[in-house]
Amino acid sequence: MYLEGSLSPEIIAIVVDIEGTLSDARFTADVLVPYAEAHFAEWLTRHRHTPEVAAAVDVFCQAVDEPDADDDRIIELAEASLAQGEAVPSLAELVRLVWLDGYRSGALEGHVYPDAVVKLQGWAEDHRALYTFSASAAYDQRLLLGYGDHGDLTDLFSGFFDPRTGKKTNADSYTRIARTLGEVPAVLLFVSDRAGELNAAKRAGFQTCWIARDEATQEKAYNQQDHPVVETFEGIELV
């Protein structure tokens, strides 16, 4: 059930999850990764000799222990990694460059829920600081929010936390965020669609709010009493 009035009006900053909260949880898997798979070969051919791409290719080839791989082999290795969902850190930089090209050309557009946009803009106008905390790298967060279907939203945010801060299910990560912001956790609100993350934030002293957009998440959310529950950002009211 939604715990009416459980959010303190003294909240001065809001930290929001992205996947499943601000944006469709399947956006990366259903849009970004297929785009990279479909366009990697053509993109590499166009940009292979630019300094930034050449450097990223060299790092990738060293990482997969094929320093002398030609372009056909590089494409084969990259596409295989993408198809299998393998976490090859050195490939991430190449994929980001593919995405950046797609965003800049208009072929890609980041997804952000309309209700989130309205509420974020209202909080920013109310002089509440906004931050993200996502499993995606800060660079990738900026791409999604900077080239979104509601325009560039990056100016609304004061910072982007990512895995370098720590695991999202670890309370120490939220303690670290509070220290970075120079605030006591009690005046910070964390908004997410996942119980483990919300539990960790609450253990660190944050106020929390569970976004439950789909039926499966709502079933879990409404069967607990640890966190206020809303189905969209419209339900979050801060006095």
Side-chain angles (χ1 to χ4, degrees), residues 14-40 42-43 81-83 85 87 91-125 128-163 165 168 189-198 201 208-221 229-236:
I14 299 101
V15 181
V16 293
D17 167 58
I18 292 183
E19 297 84 357
T21 302
L22 287 185
S23 177
D24 190 324
R26 296 290 305 171
F27 181 72
T28 296
D30 290 350
V31 178
L32 293 181
V33 172
Y35 180 88
E37 288 183 87
H39 294 273
F40 187 87
E42 176 270 333
W43 171 85
S81 295
L82 287 167
L91 179 60
E93 183 57 32
L94 283 170
V95 171
R96 288 188 187 108
L97 293 172
V98 176
W99 290 341
L100 176 60
D101 188 60
Y103 279 121
R104 284 177 169 171
S105 71
L108 281 176
E109 192 173 64
H111 172 265
V112 183
Y113 287 110
D115 58 274
V117 175
V118 172
K119 187 62 70 170
L120 291 170
Q121 290 172 335
W123 285 337
E125 290 171 2
R128 286 187 167 100
L130 302 176
Y131 300 87
T132 62
F133 186 21
S134 172
S136 299
Y139 183 93
D140 299 337
Q141 298 176 43
R142 288 179 178 274
L143 286 182
L144 185 146
L145 294 170
Y147 293 91
D149 44 9
H150 295 276
D152 186 354
L153 301 177
T154 54
D155 286 346
L156 296 177
F157 293 89
S158 299
F160 302 86
F161 293 101
D162 64 12
T165 299
K168 297 179 72 181
L189 171 65
F190 178 61
V191 184
S192 176
D193 67 322
R194 294 181 178 271
E197 299 172 3
L198 293 162
T208 56
C209 187
W210 192 330
I211 291 276
R213 292 187 178 275
D214 58 69
E215 290 185 5
T217 305
Q218 288 164 13
E219 183 177 358
K220 296 176 183 177
V229 180
V230 296
E231 296 181 5
T232 71
F233 273 82
E234 293 175 353
I236 304 177

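Note: hydrogens, waters and symmetry copies are ignored here, and every other heavy atom, side chains too, is used.
- The minimum heavy-atom distance linking Asp214 with Ala216 is given by the pair OD1-N, 3.1 Å.
- Across every non-hydrogen atom of Gly102 and Tyr35, the tightest pair is CA-OH, 3.3 Å.
- Under a 3.5 Å cut-off, the side chain of Lys119 and the backbone N or O of Ile236 do form a donor-acceptor pair.
- Atoms CG and CG, from Leu108 and Asp149 in turn, are 12.0 Å apart once rounded to the nearest 0.5 Å.
- When the ring pair (Phe, Tyr, Trp, His ring centres under 6.0 Å) test is applied to Tyr103, the partners found at least two apart in sequence or on another chain are Tyr147.
- When all heavy atoms of Pro34 and Ala29 are compared, the closest pair comes out as CD-O, 3.1 Å.
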- Message: Determine whether Leu189 and Arg128 satisfy the following criterion, side-chain contact (heavy atoms from CB on, under 4.5 Å), listing intermediate values before the conclusion.
- Response: CA-CA 11 Å; Leu189 171 65; Arg128 286 187 167 100; over 6 Å; no
- Would Lys220 and Trp210 count as a side-chain contact (heavy atoms from CB on, under 4.5 Å) if you check the C-alpha gap in whole Å, the side-chain angles of each, and the deciding distance to 0.1 Å? CA-CA 10 Å; Lys220 296 176 183 177; Trp210 192 330; 4.2 Å; yes
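- Residues passing the salt bridge (charged side-chain N to carboxylate O under 4.0 Å, His left out) test with Asp162 are Arg164, sequence neighbours excluded.
- Leu22 is not listed as a side-chain neighbour of Leu153, based on a closest heavy-atom distance of 4.5 Å or more.
- Among residues two or more places apart in sequence or in another chain, the ring pair (Phe, Tyr, Trp, His ring centres under 6.0 Å) test is passed with His111 by Tyr113.
- Judged by distance alone, with hydrogens and angles left aside, the side-chain atoms of Ser105 form a donor-acceptor pair with the main-chain N or O of Ala107 at under 3.5 Å.
- Among all heavy-atom pairs drawn from Val95 and Ala36, the shortest one is CG1-CB, 4.1 Å.
- Looking at every heavy atom in both residues, Glu37 comes nearest to Leu82 through CG-CB, 3.6 Å.
- Summarising the geometry, atom CG belonging to Asp140 is positioned 11.5 Å from atom CZ belonging to Arg142; distances are rounded to the nearest 0.5 Å.
- The shortest distance between side-chain heavy atoms of Asp17 and Lys168 falls below 4.5 Å.
- Here the side chain of Gln218 pairs a donor or acceptor atom with the backbone of Ala212 at under 3.5 angstrom.
- Formation of a donor-acceptor pair under 3.5 Å by the Glu19 side chain with backbone atoms of Asp193 is not found in this model.
- Counting heavy atoms from C-beta outward, Leu156 and Trp123 have side chains that stay 4.5 Å or more apart.
- Rounding to the nearest 0.5 Å places CG of Leu144 at 7.0 Å from OG1 of Thr28.
- Taking CG of Leu100 as the start and OH of Tyr139 as the end, the distance is 4.0 Å to the nearest 0.5 Å.
- In terms of heavy-atom proximity, Phe233 sits nearest to Asp115 at N-OD2, 2.9 Å.
- Using a 4.5 Å cut-off on side-chain heavy atoms (C-beta onward), Thr132 and Val15 make no contact.
- Judged by distance alone, the side chain of Trp99 and the main-chain N or O of Leu32 form a donor-acceptor pair under 3.5 Å.
- Asp24 CG to Ile18 CD1: the interatomic distance, rounded to the nearest 0.5 Å, is 13.0 Å.
- Atom OH of Tyr131 is separated from atom CD of Gln141 by 14.0 Å, given to the nearest 0.5 angstrom.
- Here the side chain of Arg213 pairs a donor or acceptor atom with the backbone of Thr21 at under 3.5 angstrom.
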